[in-house]
Protein chains: 4
Amino acid sequence: MQDEKLPRREREKRRHRRQMLAAALELFSKKGYHNVSMHEIAERAEFAIGTLYKFFKNKEHLYKALMMEKAAEYHHTLSGVLSREGDVLTILKDYISAKAGIFADDVATLRLYFAETRGASFNIKAGLDQDIRKLYDELVEQLASTLEKGIRKNVLRDLNPYYMAVALEGITNAFLFCWLEDPERHSYKANAPVISDMFLKGVMAE
Amino acid sequence: MQDEKLPRREREKRRHRRQMLAAALELFSKKGYHNVSMHEIAERAEFAIGTLYKFFKNKEHLYKALMMEKAAEYHHTLSGVLSREGDVLTILKDYISAKAGIFADDVATLRLYFAETRGASFNIKAGLDQDIRKLYDELVEQLASTLEKGIRKNVLRDLNPYYMAVALEGITNAFLFCWLEDPERHSYKANAPVISDMFLKGVMAE
Amino acid sequence: MQDEKLPRREREKRRHRRQMLAAALELFSKKGYHNVSMHEIAERAEFAIGTLYKFFKNKEHLYKALMMEKAAEYHHTLSGVLSREGDVLTILKDYISAKAGIFADDVATLRLYFAETRGASFNIKAGLDQDIRKLYDELVEQLASTLEKGIRKNVLRDLNPYYMAVALEGITNAFLFCWLEDPERHSYKANAPVISDMFLKGVMAE
Amino acid sequence: MQDEKLPRREREKRRHRRQMLAAALELFSKKGYHNVSMHEIAERAEFAIGTLYKFFKNKEHLYKALMMEKAAEYHHTLSGVLSREGDVLTILKDYISAKAGIFADDVATLRLYFAETRGASFNIKAGLDQDIRKLYDELVEQLASTLEKGIRKNVLRDLNPYYMAVALEGITNAFLFCWLEDPERHSYKANAPVISDMFLKGVMAE
DNA sequence: CATGAATGAGACTTCATTCAT
DNA sequence: AATGAATGAAGTCTCATTCAT
């Protein structure tokens, strides 16, 4: 992350890599993996096609690199929220809100994220997308742990914590999806309290 | 739907069409739109490539025909459940259960359904997939109407009914997705009561 | 070989295949495997590139099909000469002459043949060219058998028959090569008696 | 050849050049001209690609430089043998033996040598390979002169000396090729007397 | 309607070569 | 000289679609 102390050459290389990934993100997100050509990405990034291939072995690797970097950021943030000390209800509310912040200025990533984790992904050959899915599964497990803690403390009802996590993910993603489809009408951020309300009321112990 | 009174020629034609769609469904569901070729579909359906094109203008139209037929069935069933007379809570429970029955023996369709409605779909050029999305939106609206009725009858809390519908869809789809990913571990059908419980507790008036 | 009784469609297909192989032979022979593009071959054969790929899985397979068909013809002819009844010296003279006839009107094949069997071949990936080399080895073995017969009949000196075969191949190929390089100055056909003379005198029993 | 009296800079330059040629020889010989990239050569030689291009104008020139140096060595040695004083038969036997020594520890060169002189070479564009071929032709001519001398001295039969040379080259190369293909089974060196025997018996005057 | 050979645009990828540092 | 990032022409191959039979 810290490029500061690197030699100029290395810094430039990283910058170029970022430019390529940015171009790829924009295009993949708008048109989908199979409707974007490597030439298109190279052109958008203002590099020659050969340069693109110097940085990424092939289209799949470029795509995967893109997804993994974004997924890592995403999961790092949410995982951080879930790791906080404090009462479970606050953590859950924060988690719901945090999802808003993450994608607030990066709709492109959100779109791809859905394509990979919710839609049945057919973009990359079997095996390559396993890593991304695995990262996502880990987050759900962590969420389940948090919920389990809530159960033990009698804050939450004694339901299967994994399925509670699945439900929470389902709701939040549904709202994110709404927002993605029509950002004008459906603000996820504004709806975060509604989500918290509905979900928590459904799972809280009385 | 009723082919009985049609001349033999017409009946055969419909049968052929069904065979082609069945082959397409199987392949699209397994490998994704872009990883299936028209030749592959023709071969699987045991027709010549030219015949496939006699029935469907092009690959997109074939895909859309497939999706629309499946979506129509799906929404017809769920719409039927929501149109029933009776108390709202029962209707909602039935709705949740009904989703299990629909896909129980048709995982292939479920997979494609997600690719289109939950993941950001990049399969078919803008405009063509609007019809499918529209059908889905109608169902959500109908669900919202049902929920609104529940609110008016003081059975449900006074929350935005559209967002309640979004939440319910989010939860049920999340569970369907779980089941799709690992049918052995996560039975949607068995979990339907859990879903109903969590969701209804969250939205019911006290 | 007999296309006569085949349906028209099938006959045409074979003709097209032959046209493609002919175009490939001409180009490969003139410019070498790596200096000929599939587009070039398609164009020369007056077919679209896609059609070429309908007939041959890829460039290597096209090349191999070409080589194998030619090699089969070639070895069939020479093998026939070696299988004849009669005295060994006559058979050997005929063998030497026969090599002239084979390539007389097909310099292109001869050139490729050398590239594969005499030059160290780097054209096709390891394994694919084994078949061609094997065919050639079989011929040398058969030649050795013939020579062995001559030894047993005391017509030839008691030398290692395999190495005698190698020597004979070496001489004949060297003359073929001369002719290939400069057909005007060095006629293989005219030199066949010279070859026979030199070689036989070297290996004949007194 | 003598680098001793040169300034250090010059000596280093020559050493670098040799390293590059050695890397190229190894790779070309193993994989063939078209299956080796300039990057690969640079990497093997442990230089940057740009440095490679400082020494050799382009891939063809690199290849040609390699071939010419090896060919020059080769022909210098054999030419030396043919220039010796003494009786023709001894010279010829020595010539046949000498071919063994030359390639004994340099199979790589032998492989390339065949690719260029025996197989129809398609490696380098027309014109560039003429020099190598010319060098080879000169050697054959010199061999023919030697043979002619033998004829004049009534040691050899009165055959066309050029064709006798061609035949000798054919035989020796065939044995070299045998050895190249399977060094374990076919030792050229051990077979040198066999070659001499067969060839000389075929061409000697009685 | 059925067939399937033919088409060719366009995708992915490699690699010889250049040039600023 | 040495470096190696950047270039882009050119090659291989796929596949949606057409059309003559």
Side-chain angles (χ1 to χ4, degrees), chain A residues 7-10 12-13 16-17 20 34-43 45-62, chain B residues 9-10 12-13 16-17 34-43 46-62, chain C residues 7-10 12-13 16-17 20 34-43 45-62, chain D residues 9-10 12-13 16-17 34-43 46-62:
Chain A
R8 189 178 52 71
R9 261 289 171 72
E10 191 61 23
E12 282 216 317
K13 221 170 135 175
H16 291 175
R17 188 188 145 95
M20 289 173 192
H34 288 286
N35 299 313
V36 172
S37 77
M38 290 297 270
H39 266 104
E40 217 173 339
I41 296 170
E43 196 167 14
E46 294 181 288
F47 286 98
I49 181 69
T51 312
L52 195 55
Y53 276 91
K54 279 283 194 306
F55 282 77
F56 305 98
K57 192 172 165 271
N58 56 36
K59 194 179 175 183
E60 275 188 16
H61 279 70
L62 165 56
Chain B
R9 259 293 170 67
E10 190 61 21
E12 282 217 315
K13 209 168 134 182
H16 291 176
R17 188 187 146 96
H34 287 286
N35 298 314
V36 172
S37 75
M38 290 297 269
H39 267 101
E40 217 172 338
I41 296 169
E43 196 168 16
E46 294 180 290
F47 286 98
I49 182 70
T51 313
L52 195 57
Y53 274 89
K54 281 280 192 299
F55 280 83
F56 304 97
K57 191 173 161 247
N58 57 36
K59 193 179 177 184
E60 278 186 12
H61 279 71
L62 164 58
Chain C
R8 191 178 50 72
R9 262 290 170 71
E10 191 61 23
E12 283 217 315
K13 221 170 137 177
H16 292 175
R17 188 187 146 96
M20 289 173 191
H34 288 286
N35 298 313
V36 172
S37 76
M38 289 298 268
H39 266 103
E40 218 172 338
I41 296 170
E43 197 167 15
E46 295 181 289
F47 285 99
I49 181 70
T51 312
L52 196 55
Y53 277 91
K54 278 283 194 307
F55 280 77
F56 305 97
K57 193 172 165 269
N58 56 37
K59 194 179 175 183
E60 276 188 15
H61 278 70
L62 164 56
Chain D
R9 258 299 172 61
E10 191 61 21
E12 283 218 316
K13 209 170 133 181
H16 290 176
R17 188 188 147 94
H34 288 286
N35 299 314
V36 172
S37 74
M38 290 297 269
H39 267 101
E40 218 173 338
I41 296 170
E43 196 169 15
E46 295 182 285
F47 285 98
I49 182 69
T51 312
L52 194 57
Y53 274 89
K54 281 281 193 297
F55 280 82
F56 305 97
K57 191 175 162 249
N58 57 35
K59 193 178 176 184
E60 278 187 11
H61 279 71
L62 164 57

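Just so it is clear, the model here is predicted, and its values are computed rather than measured. In the text below, chain A, chain B and the rest are named by the order of the sequence lines, each starting its count at 1.
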When rounded to whole Å, the CZ to C1' distance for the pair R9(A) and dG4(F) reads 6 Å
Whole-Å distance, H61(D) NE2 to dA16(E) P, equals 16 Å
note: F56(B), atom CZ; dA2(E), atom C1'; distance rounded to Å ~ 15 Å
Check: Counting heavy atoms not belonging to E12(B), are there more than 12 under 6.0 Å from its CD?
Finding: yes
Those residues at least two apart in sequence (or on a different chain) that pass side chain to side chain donor-acceptor pair (under 3.5 Å) with E40(D) are K31(D)
**OP:** Could you check if a side-chain atom of M38(B) sits within less than 4.5 angstrom of a side-chain atom of L62(B), using non-hydrogen atoms only?
**Re:** yes
Heavy-atom closest pair (H61(D) atom, F56(D) atom, distance to 0.1 Å) is O-CD2, 4.4 Å
Rounded to whole Å, the CD-C1' distance (E46(A) to dA5(F)) equals 17 Å
Closest non-hydrogen atoms of V36(D) and K59(D), given as atom of the first, atom of the second and distance, are O-NZ, 2.7 Å
Closest non-hydrogen contact found for M20(A) with I41(A) is O-CG2, 4.1 Å
Compare side-chain N and O positions of T51(C) against OP1 and OP2 of dA5(E) and report whether any pair is under 4.0 Å apart.
no
Nearest heavy-atom approach of Y53(B) to N58(B) is CE2-CA, 3.9 Å
_What's F55(A) touching, base or sugar-phosphate or nothing? Going by heavy atoms closer than 4.0 Å._
sugar-phosphate
Problem - Phosphate contact (dA2(E) OP1 or OP2) by H16(B) side-chain N/O below 4.0 Å - result: yes
In whole angstroms, the gap separating C1' of dC12(E) from CG of L62(A) amounts to 13 Å
To the nearest angstrom, the CD-C1' distance between E10(D) and dA1(F) comes to 12 Å
Between G50(D) and K54(B), whichever has its closest DNA chain E nucleotide further toward 5' is K54(B)
Set out, line by line, the N/O atom pairs under 3.5 Å between protein and nucleotides 11-13 of chain F.
{"unit_1": "dT12(F)", "atom_1": "OP1", "unit_2": "K59(C)", "atom_2": "NZ", "d": "2.9"}
{"unit_1": "dT12(F)", "atom_1": "OP2", "unit_2": "M38(C)", "atom_2": "N", "d": "2.9"}
{"unit_1": "dC13(F)", "atom_1": "OP2", "unit_2": "Y53(C)", "atom_2": "OH", "d": "2.9"}
{"unit_1": "dC13(F)", "atom_1": "OP2", "unit_2": "K59(C)", "atom_2": "N", "d": "3.0"}

When rounded to whole Å, the CG to C1' distance for the pair N35(B) and dA16(F) reads 15 Å
*Side chains of K13(C) and F55(C) in contact at under 4.5 Å (non-hydrogen atoms)*: yes
Atom NE2 of H34(B) and atom P of dG10(E) are separated, to the nearest Å, by 16 Å
Annotated structure of DNA chain E as dot-bracket, pair cut-off 3.5 Å, Watson-Crick or G-U only, | for inter-strand, is .||||||||||||||||||||
